[in-house]
Structure formats: structure tokens, C-alpha cells
**Student:** 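Dropping the structure in here first, questions after.
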Amino acid sequence: MCNHCGCSAEKARISDPQSGKHTHLHMDGNSLKLQESLLAGNTALAEQNRKWLQKLQVIAINLMGTPGAGKTALLEATLKAPQFASLDISVLEGDQQTSNDAKRIQSAGGKVLQINTGTGCHLDADMIHSGIHSLEPQPGSLLFIENVGNLVCPALFDLGENYRITMMSVTDGADKPEKYPHMFSECDLIIINKADLLPYVDFDLEYAKNCIAKLNPDADVILMSANKQGDADEENQQWQQWLMNRVNNA
């Protein structure tokens, strides 16, 4: 278990890639109790967040993914898109250090607060509790929570959100869903970004899609180029439709 998030080593193992033989690593009882206590405390706070957001009819979307996948670019483009001009959108930005992404969101016209986690590798429900009370999203609005770029720990922590999105890019490698299955199995939508680079990179799109289909057959999958979201192509229209469906069904 790492010092910050309680990510579990319960199923960890050491393997020989040639023989396939492996040895399981096991956590001691005290470590397991500490992890269970940490996650239980987070879940209780997440439930408080959920009730508060429901009371105000605020739709909260937890945007997770790899560092550099294009999460901030997606939010920038969404804020600027004429299709979303009628939406009241605010953003909680998560990073270990700097306010670089918050400044980008602010420049795009969004109401935003930066949450710096220090050495922490994810956002937790307590951080979101403080963030939403400082940000004060308006009743009936849309709140994006851009999590720390990381395909492991963010998936473990309920923040009280309504929806989860996992984002990767074609420059990340097609085996990311297979390598980090928990992240891809715990979301409502998976975005494969930077599709405009497909002709120039070694990325097996069908392999990635097949891995996702096995892990999370109920998830929607959208291939897009977030920084070209203003274009009226079919891929970016899928994102616009997905988001508007959630807003209209709230």
C-alpha cells in the first residue's frame, strides 16, 4: 500500500515472462485493516458529496486518465464549443503541483479551482468536499472534476460523482486497458483521444477496443480529437451527444 492512497498490493505477484510461473505477494493484517479503514472513510465522505450535489441538481463528472491524454484540452474545447454555450460549467482541477491547467480553464471561460495534492496521486472525497464548497457550483450546473493523471489510484476513490470518464490517447499504447483493467472497468465512458495522429503512430485500435469490450462491455467508447472539437465531424459529435444526453436526463 502506498503512503497516500491505500492502493492495494493484495493481488500483487512476481512473474517470470518465459515460464509464466509467479509468486503472490501478500499484505499483512494490519495493512489490510488500514486500507479498509481509509477507503471506508472516503466512501462516507463521498456519500455526503453525492447528497449535496443531488440537492443542488449539479451533475458531477470525474474525468480520469493518463498524463497528457488531453483531459484539459477536452474541457477547454467543451467550454468554447457553441453547442455547450447554454451550460453552466465549472471545474475542479487536480494536479500534484502548479495551477497551469486551472489557468487554461479560466482562459477558456470556465469557473475553476485548482486542487494540488502534493505527493498524492489522486483526488479523494475530502478534497472534493472542500473544493465544491469553495467553488460553489450553481444549482442545475455541470461540474467536471479533472483527476490527477494516473491510471491506477483515481479509480479506487468514490468522489460522489454521477459519471466517470477514462481518457487515453493513441500515443499511450493500445495495451493500456489490458495493463490497467480496474480503471477501464470502472467508468461510464472511455475516450480514445488524438485520433488525428493515428496515421503517424503505432496504435492497434481494434486491439484496444477489444480489450475494453472484454473489461467493460457496457461502457460507451468514443474516438476523437479533443483539440479539434469545434469541427463538425462525427467523432466529436458523439462526445457532444453523450454529454447533452446526461444533462437532459438529469
Side-chain angles (χ1 to χ4, degrees), residues 5-8 39 42 46 50 59-78 89 91-96 101 105 115 117 120-125 127-128 142-195 197-198 201 203-227 229 235-236 238-243 245-246:
C5 70
C7 57
S8 174
L39 291 176
N42 180 82
R50 196 174 346 269
I59 303 172
I61 298 177
N62 184 2
L63 178 57
M64 305 176 286
T66 58
K71 300 185 294 297
T72 309
L74 175 69
L75 298 181
E76 286 178 304
T78 301
I89 301 176
V91 180
L92 288 175
E93 275 287 347
D95 280 301
Q96 286 194 325
D101 289 352
I105 295 300
I115 300 174
T117 59
C121 48
H122 65 281
L123 296 174
D124 63 27
M127 296 174 190
I128 299 306
L142 182 61
L143 171 67
F144 280 102
I145 302 166
E146 184 181 342
N147 221 310
V148 178
N150 178 357
L151 284 181
V152 183
C153 310
L156 296 173
F157 286 78
D158 182 2
L159 304 180
E161 71 271 41
N162 299 93
Y163 300 103
R164 287 184 165 194
I165 298 174
T166 297
M167 191 172 193
M168 61 178 288
S169 78
V170 300
T171 57
D172 291 329
D175 60 352
K176 285 295 179 291
E178 195 173 31
K179 284 183 173 178
Y180 303 97
H182 189 65
M183 170 64 75
F184 287 85
S185 64
E186 294 289 325
C187 56
D188 303 285
L189 170 66
I190 295 165
I191 295 175
I192 302 175
N193 192 31
K194 304 183 184 179
L197 297 180
L198 272 174
V201 297
F203 184 86
D204 189 334
L205 181 59
E206 290 307 309
Y207 179 81
K209 284 185 173 180
N210 287 336
C211 290
I212 291 168
K214 291 176 183 176
L215 290 167
N216 192 349
D218 296 327
D220 296 314
V221 180
I222 296 177
L223 180 72
M224 69 184 301
S225 301
N227 61 348
Q229 197 180 125
E235 293 168 347
N236 289 322
Q238 289 178 4
W239 159 245
Q240 294 160 11
Q241 192 62 54
W242 187 93
L243 186 58
N245 285 345
R246 270 67 194 170

**Student:** Asn162 side chain to Ala60 main-chain N or O, any donor-acceptor pair under 3.5 Å?
**Tutor:** yes
**Student:** To the closest 0.5 Å, what do you measure between CE (Met183) and CG (Asn150)?
**Tutor:** 6.5 Å
**Student:** Apply salt bridge (charged side-chain N to carboxylate O under 4.0 Å, His left out) to Lys179 and list each qualifying residue two or more places apart in sequence or on a separate chain.
**Tutor:** Asp175
**Student:** If we count only N and O atoms by modelled type, under 3.5 Å, do the side chains of Asn210 and Glu206 hold a donor and an acceptor together?
**Tutor:** no
**Student:** So which heavy atom on Ala208 is nearest to which on Phe203, and how close?
**Tutor:** CB-CZ, 3.9 Å
**Student:** Once rounded to the nearest 0.5 Å, what's the spacing between atom CZ of Phe184 and atom CZ of Arg164?
**Tutor:** 13.5 Å
**Student:** Can you see which heavy atom on Ala77 is nearest to which on Ala226, and at what distance?
**Tutor:** CB-O, 3.3 Å
**Student:** I'd like to know if the side chain of Asn62 and the backbone of Glu161 have a donor-acceptor N/O pair within less than 3.5 Å.
**Tutor:** no
**Student:** Taking Asn42 for the side chain and Asp124 for the main chain, is one N or O donor matched with an acceptor at less than 3.5 Å?
**Tutor:** no
**Student:** Of Ile128, Asn147, Leu123, Leu63, which is the lone residue that meets side-chain contact (heavy atoms from CB on, under 4.5 Å) with Leu92?
**Tutor:** Ile128
**Student:** Answer yes or no: is there a donor N or O on one side and an acceptor on the other, between the side chain of Asp220 and the main chain of Leu189, under 3.5 Å?
**Tutor:** no
**Student:** Any idea which heavy atoms bring Ser225 and Ala195 closest together, and the distance?
**Tutor:** OG-N, 3.4 Å
**Student:** Does Tyr163 have any ring-ring contact (aromatic ring centres under 6.0 Å, His included) partners at least two apart in sequence or in another chain, and if so, which?
**Tutor:** Trp242
**Student:** How long is the span from the CD atom in Glu178 to the NZ atom in Lys214, to the nearest 0.5 Å?
**Tutor:** 7.5 Å
**Student:** NE2 of His182 to CG of Leu215: how many Å apart, nearest 0.5 Å?
**Tutor:** 11.5 Å
**Student:** Roughly how far, to the nearest 0.5 Å, is the CD1 atom of Ile145 from the CD1 atom of Ile165?
**Tutor:** 11.0 Å
**Student:** Can you find a heavy atom in the side chain of Met224 that is under 4.5 Å from one in the side chain of Asn193?
**Tutor:** yes
**Student:** Could you list the residues that satisfy salt bridge (charged side-chain N to carboxylate O under 4.0 Å, His left out) with Glu146, not counting sequence neighbours?
**Tutor:** none
**Student:** Is the shortest side-chain heavy-atom distance between Phe144 and Val91 below 4.5 Å?
**Tutor:** yes
**Student:** Please determine which of Asp172, Thr166, Val170, Thr171 meets the side-chain contact (heavy atoms from CB on, under 4.5 Å) test together with Met168.
**Tutor:** Asp172
**Student:** Could you pull out all residues at least two apart from Asp158 that satisfy salt bridge (charged side-chain N to carboxylate O under 4.0 Å, His left out)?
**Tutor:** Arg50
**Student:** Between Gly70 and Met167, which heavy-atom pair has the shortest distance, and what is it?
**Tutor:** O-CE, 3.5 Å
**Student:** To check you understand the geometry: which heavy-atom pair defines the closest contact between Cys121 and Cys153, and what is its length?
**Tutor:** SG-SG, 3.3 Å
**Student:** Enumerate the residue pairs fulfilling salt bridge (charged side-chain N to carboxylate O under 4.0 Å, His left out) with a member in residues 66-76, sequence neighbours excluded, ordered by first and then second residue.
**Tutor:** Glu76-Arg104
**Student:** Would you please name every residue forming a salt bridge (charged side-chain N to carboxylate O under 4.0 Å, His left out) with Asp204, sequence neighbours left out?
**Tutor:** none
**Student:** Indicate yes or no: at least one non-hydrogen side-chain atom of Thr78 is less than 4.5 angstrom from one of Trp239.
**Tutor:** yes
**Student:** Kindly give the heavy-atom pair with the smallest separation between Gly149 and Pro67, and that separation in Å.
**Tutor:** O-CG, 3.4 Å
**Student:** One pair to check against side chain to side chain contact (heavy atoms under 4.5 Å, CB included): Glu93 and Ile105. What are the steps and the verdict?
**Tutor:** CA-CA 9 Å; Glu93 275 287 347; Ile105 295 300; 3.4 Å; yes
**Student:** From Asn216 CG over to Cys211 SG, what is the distance, rounded to the nearest 0.5 angstrom?
**Tutor:** 12.5 Å
**Student:** Hey, are the side chains of Ile192 and Ile212 touching, using non-hydrogen atoms and a 4.5 Å cut-off?
**Tutor:** yes
**Student:** Given side chains that start at C-beta, do those of Ile61 and Leu243 come closer than 4.5 Å, heavy atoms only?
**Tutor:** yes
